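Quick notes on the structure that follows.
We name chains A, B, ... by the order of the sequence lines, and we start the count at 1 in each one. Small disclaimer: the values here were computed from a predicted structure and weren't measured.
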Protein chains: 2
Amino acid sequence: MAVDREQVLRGAAALLTHKSTATMDEVAKAAGISRATLHRHFAGRDALVRALEALGIAECESALDTARLDEGPARDAVRRLVREIEPAAGLLAFLYTENQLFEGEEQHQGWTRIDERVSGLFRRGQLSGEFRIDLTPAWLSEALFGLLASGAWMVQCGRGAPKDFQHMIVELLLGGALRPPAPQDG
Amino acid sequence: MAVDREQVLRGAAALLTHKSTATMDEVAKAAGISRATLHRHFAGRDALVRALEALGIAECESALDTARLDEGPARDAVRRLVREIEPAAGLLAFLYTENQLFEGEEQHQGWTRIDERVSGLFRRGQLSGEFRIDLTPAWLSEALFGLLASGAWMVQCGRGAPKDFQHMIVELLLGGALRPPAPQDG
DNA sequence: CCCAGGTGAGACAGTGATGTCTCATTCCCG
DNA sequence: CGGGAATGAGACATCACTGTCTCACCTGGG
């Protein structure tokens, strides 16, 4: 009975997301298989992390596709994007920190593609006059992923409710903490 | 000549900030001392990380004091806080991820204190009507640290200029990405 | 029934980091 | 100048994780 590679990756992601130093043994246990079988499917820890990276990229790009970033107001596209990407937020949070390990090597091309698409969305919003122009698209993109990670950790630690996830992130990213000034006539 | 413990911690922080898996040997080299001396001052890697945590907490609380969170408009207090905390952002970014390792144990009391003070600032802003009330103080606090970490990494990777650090973080946190509606009379 | 493929359990050596130790050297202070 | 403290260099055992291997099992298909 062939192990479901996808399911193993899910289990590994779930564990590594909240314990990034888990050993291959722990990963195997979390995935419900033996360490030997884990090694049969992934040459080593590095290969496993790479596979998780590929999975994260795939889920990201899938979310980007589903969110239809080119349609409608940019702010609505951001809302759709956060909603679609939420299920992958935990995995992204793990990869977000793990990427620090890849310092020596070049970044995976997938991340560049994703970053370009997200930055492009923010740039579109700036050109349409929706978004302010003193914050660079690169920073807005980085901030989006940072907030996603923060939100994922917060939910994982039980300090926040999953149902608030999208609202917290989108509202802070788009509107900020300041209360919008009431329409005034004086 | 007694090693300057503070200086060693600075060196360790600088290295671990952008390579969280650095070995004791690398840390020692980065701090300009031998591994033996490093072990004489910090019983082990764990003790070193704990000391870095204490340093980070101390710098945070120092920044909180200097920023005088209780004075003036809350938005200005946030601006002062980010400005004061910027030098420690790299260290905080490291601790922000490293904290995942302390999952089993209780969180350091210092973080709780810091979180309460920052949350208190946001709560004050909500009560004064400056900040919107649909984002919890806990989330705003979490988001602040998340954005600090994102900003620190971005600067470290050369994808952003240090001079933009404060502006990027404060403006996004307070104002969000949306362009504020122009004062309109119709 | 029998066999082949996939799996679990465990043994095994290799590796890298750790923590401790010793010894020579250096530097400050008296 | 002399002594003591601190440091650097390196040896050493230990430990945890890794990667590979073997063997038994068990499960489904011919």
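Taken from CG in B:Leu174 to CD in B:Glu130, the straight-line distance is 9.0 Å, to the nearest 0.5 Å.
Between C:dA9 and A:Ser34, no contact under 4.0 Å exists linking OP1 or OP2 to a side-chain N or O.
Every pair tested for ring pair (Phe, Tyr, Trp, His ring centres under 6.0 Å) that includes a residue from residues 47-80 of chain A fails, sequence neighbours excluded, so the list is empty. Each salt bridge (charged side-chain N to carboxylate O under 4.0 Å, His left out) pair with one or both residues in residues 115-126 of chain B, not counting sequence neighbours, appears once here: B:Asp65-B:Arg117.
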Protein within reach of the bases, or only the backbone? For nucleotides 17-23 of chain D, mark each nucleotide 5' to 3' as B, S or -, using heavy atoms under 4.0 Å.
SBBB-B-
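Taking 4.0 Å as the cut-off between side-chain N and carboxylate O, B:Glu59 and B:Arg10 count as a salt-bridged pair.
Residues meeting the side chain to side chain contact (heavy atoms under 4.5 Å, CB included) test with B:Asp134, sequence neighbours left out: A:His167, A:Glu171, B:Arg132.
Computed from coordinates, the B:Leu38 CG to C:dT20 P distance equals 12 Å when rounded to whole Å. As rounded to whole Å, 15 Å separates atom C1' of C:dG6 from atom CG of A:Asp4. Between the C1' atom of D:dA5 and the NE2 atom of B:His41 lies a distance of 11 Å, rounded to the nearest Å.
Between the A:Ser150 side chain and the A:Gly146 main chain, a donor and an acceptor come within less than 3.5 Å of each other.
Between its opening and closing five pairs, the helix from C:dC1-D:dG30 to C:dG30-D:dC1 changes axis direction by 10°, a value rounded to 10 degrees.
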Donor-acceptor contacts under 3.5 Å from residues 22-30 of chain B side chains, at least two apart:
| unit_1 | atom_1 | unit_2 | atom_2 | d |
| --- | --- | --- | --- | --- |
| B:Thr23 | OG1 | B:Asp25 | N | 3.4 |
| B:Thr23 | OG1 | B:Glu26 | N | 3.2 |
| B:Thr23 | OG1 | B:Glu26 | OE1 | 3.4 |
| B:Glu26 | OE1 | B:Thr23 | N | 2.8 |
| B:Glu26 | OE2 | B:Lys19 | NZ | 3.0 |

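Side chain to side chain, A:Tyr96 and B:Thr97 fail the donor-acceptor criterion of an N or O pair below 3.5 Å.
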